[in-house]
Amino acid sequence: MLSYFRVQNFKSILDLELSLSFDEGKLPNRYKDSDKIVAIGNLKQKKTKFVPVLSIYGANASGKTNIIKALECFIDIMSSDIIGSYSPNKLNNKYNSTKFEIELFEKNRLFTYILEYDNNTIIHEKLTEKNSEKNILFEIKDKKCMFENIFTKEYSKDQLEKIYNVECQDNKEKNQIKPFLQRIGRNYQNLNDTLYLVFSSILKLRPLLANQIPLPIGIEVLSNALKVEVNEAFKIVTDLLRKLDLNIDKMKLNRYEIPTKEENTSFVKNLKNCYKGQKNDKYIIDDVLSYHKDINGKNIEFNFLTEESQGTRISSGLIGILLTTLEEGSTILIDELDCSLHPLLLIKLISLFKDKEYNKKGAQLIFTTHNTDILDNDLMRISEIAIVNKNLEKGSTIRKISNFEGIRNVTNFRKQYLSGIFAGIPFPYI
């Protein structure tokens with residue numbers, strides 16, 4: 001569960017904190033009896049209450065997308081290394097390094113992980129646990145290692161330093177290019193349960209810079225999360241599609257697997273009106289059919305890829321990813337979630353994360369949008385709406401409307417946002 005993500009000196013961002021905290025003081029009366037989720041986490045403690053949804057608004061070029069790009073960059077580094085990842089703010093040279101700081105709430109424990117780097121090396125890496133006897137689990141700063149709180153009989157301090165020297169540093173300059181947490185999380189899972197918990201939780205964060213996910217990919221991801229066959233995952237997705245009132249009576253998936261031999265390459269390349277992919281040593285061909293009733297009540301077959309609307313296709317791919325996030329109890333960030341989606345459909349997809357029937361594991365949805373219809377609905381709370389602004393001095397900044405004075409949950413957010421009270425809107429003069 002994401003508590004916050006801080007970014008320093010990345011693209012248009014100088015200093016920014018994306019907070020998922022529930023900022024409204026006491027929870028509303030009878031929240032336990034409601035079928036809607038008000039907050040997630042440990043609701044008995046002030047600092048462990050978080051929102052299930054956060055919508056991010058702002059004018060074009062304000063830096064909304066860069067927030068998601070920052071998390072994507074962070075995840076990429078945690079999956080590989082820092083090479084090619086340094087993208088500082090070019091308009092303000094206040095800092096000489098990029099710094100990511102993330103706080104996670106997992107198994108009723110709060111962890112903070114810091115990763116700071118420049119174009120050549122990781123300058124600082126640190127993992128701490130709040131309210132723990134051993135607050136600092138490990139720290140590496142200017143190539144000096146502090147492993148006192150994680151070494152064991154099997155892995156002594158000397159052995160941990162050897163892992164750092166051999167697996168985290170490059171061969172020439174001896175600069176740290178790979179996070180120590182990554183190497184432990186991947187190659188030494190038995191060393192420390194806490195380090196593996198944090199590492200695996202970070203990799204469950206899912207940033208999407210486009211919501212146009214092909215249906216088969218959404219199904220494949222859901223199939224892996226649920227540990228079920230692809231056809232069963234397909235049925236789960238299509239059942240929800242029909243509930244969203246997209247006028248589809250039923251759907252059918254025909255999957256073909258072809259060996260990735262040279263003689264098959266041109267054949268697969270020339271196939272049309274189907275989804276194509278590759279898995280292991282096979283080409284995967286997915287022919288998806290949808291059926292609509294005609295004026296006489298007869299089912300008529302449609303090619304899903306070419307004959308259904310863009311909004312329907314986008315919804316179908318998103319559903320698989322969103323259901324996976326709900327199943328894992330993880331966090332997903334989507335840029336321009338409203339792209340090609342009808343406002344009512346957008347509301348329904350957001351509602352999945354605020355519905356106790358679907359969100360049973362504390363999943364979170366963070367998204368950028370220009371759609372203001374959801375602000376006119378009682379869907380969003382003041383802790384769930386954030387505004388991004390940008391200027392040369394401060395770069396891109398973000399502020400939740402719960403931090404504005406005099407704003408309550410009964411307020412018409414849409415009217416106030418469009419009037420410019422929260423800023424974050426363009427002021428065209430043509």
Is it the case that atom [atom1] in [X] sees more than 12 heavy atoms from other parts of the structure closer than 6.0 Å?
{"X": "K204", "atom1": "NZ", "answer": "no"}
{"X": "K356", "atom1": "NZ", "answer": "yes"}
{"X": "K143", "atom1": "NZ", "answer": "yes"}

Does some side-chain heavy atom of [Y] sit less than 4.5 Å from a side-chain heavy atom of [X]?
{"X": "L341", "Y": "I314", "result": "yes"}
{"X": "D338", "Y": "T368", "result": "no"}
{"X": "Q364", "Y": "M1", "result": "yes"}
{"X": "L205", "Y": "F5", "result": "no"}
{"X": "I123", "Y": "D142", "result": "yes"}
{"X": "L54", "Y": "L18", "result": "yes"}
{"X": "L160", "Y": "L191", "result": "yes"}
{"X": "L181", "Y": "L115", "result": "no"}

Quick one: do [X] and [Y] make a salt bridge, cutoff under 4.0 Å?
{"X": "E129", "Y": "R109", "answer": "yes"}
{"X": "K235", "Y": "D239", "answer": "yes"}
{"X": "E328", "Y": "K361", "answer": "no"}
{"X": "E220", "Y": "R255", "answer": "yes"}

Give the ring-plane orientation class for [X] versus [Y], where under 30° counts as parallel, over 60° as perpendicular and anything between as tilted.
{"X": "F302", "Y": "H292", "value": "perpendicular"}
{"X": "F138", "Y": "Y113", "value": "tilted"}
{"X": "F147", "Y": "Y164", "value": "perpendicular"}
{"X": "Y86", "Y": "Y117", "value": "perpendicular"}

Between [X] (side chain only) and [Y] (backbone N and O only), is there a donor and an acceptor less than 3.5 Å apart?
{"X": "E125", "Y": "F180", "result": "yes"}
{"X": "E384", "Y": "R381", "result": "yes"}
{"X": "T325", "Y": "I321", "result": "yes"}
{"X": "N89", "Y": "S12", "result": "yes"}
{"X": "N280", "Y": "K282", "result": "no"}
{"X": "S21", "Y": "D23", "result": "no"}
{"X": "N175", "Y": "I177", "result": "no"}
{"X": "N303", "Y": "E307", "result": "no"}
{"X": "N92", "Y": "L392", "result": "yes"}
{"X": "N9", "Y": "S97", "result": "yes"}

- Is the ring centre of Y358 less than 6.0 Å from the ring centre of F353?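 They do not qualify: ring centres at least 6.0 Å apart.
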
- Message: Taking the cut-offs as 6.0 angstrom to the six-membered ring centre and 45 degrees off its axis, would you call R6 and Y4 a cation-pi pair?
- Response: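 Pair R6/Y4 counts as cation-pi.
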
- Message: Pair N42, F105 - check side chain to side chain contact (heavy atoms under 4.5 Å, CB included), show working.
- Response: CA-CA 9 Å; N42 184 347; F105 183 66; 3.8 Å; yes

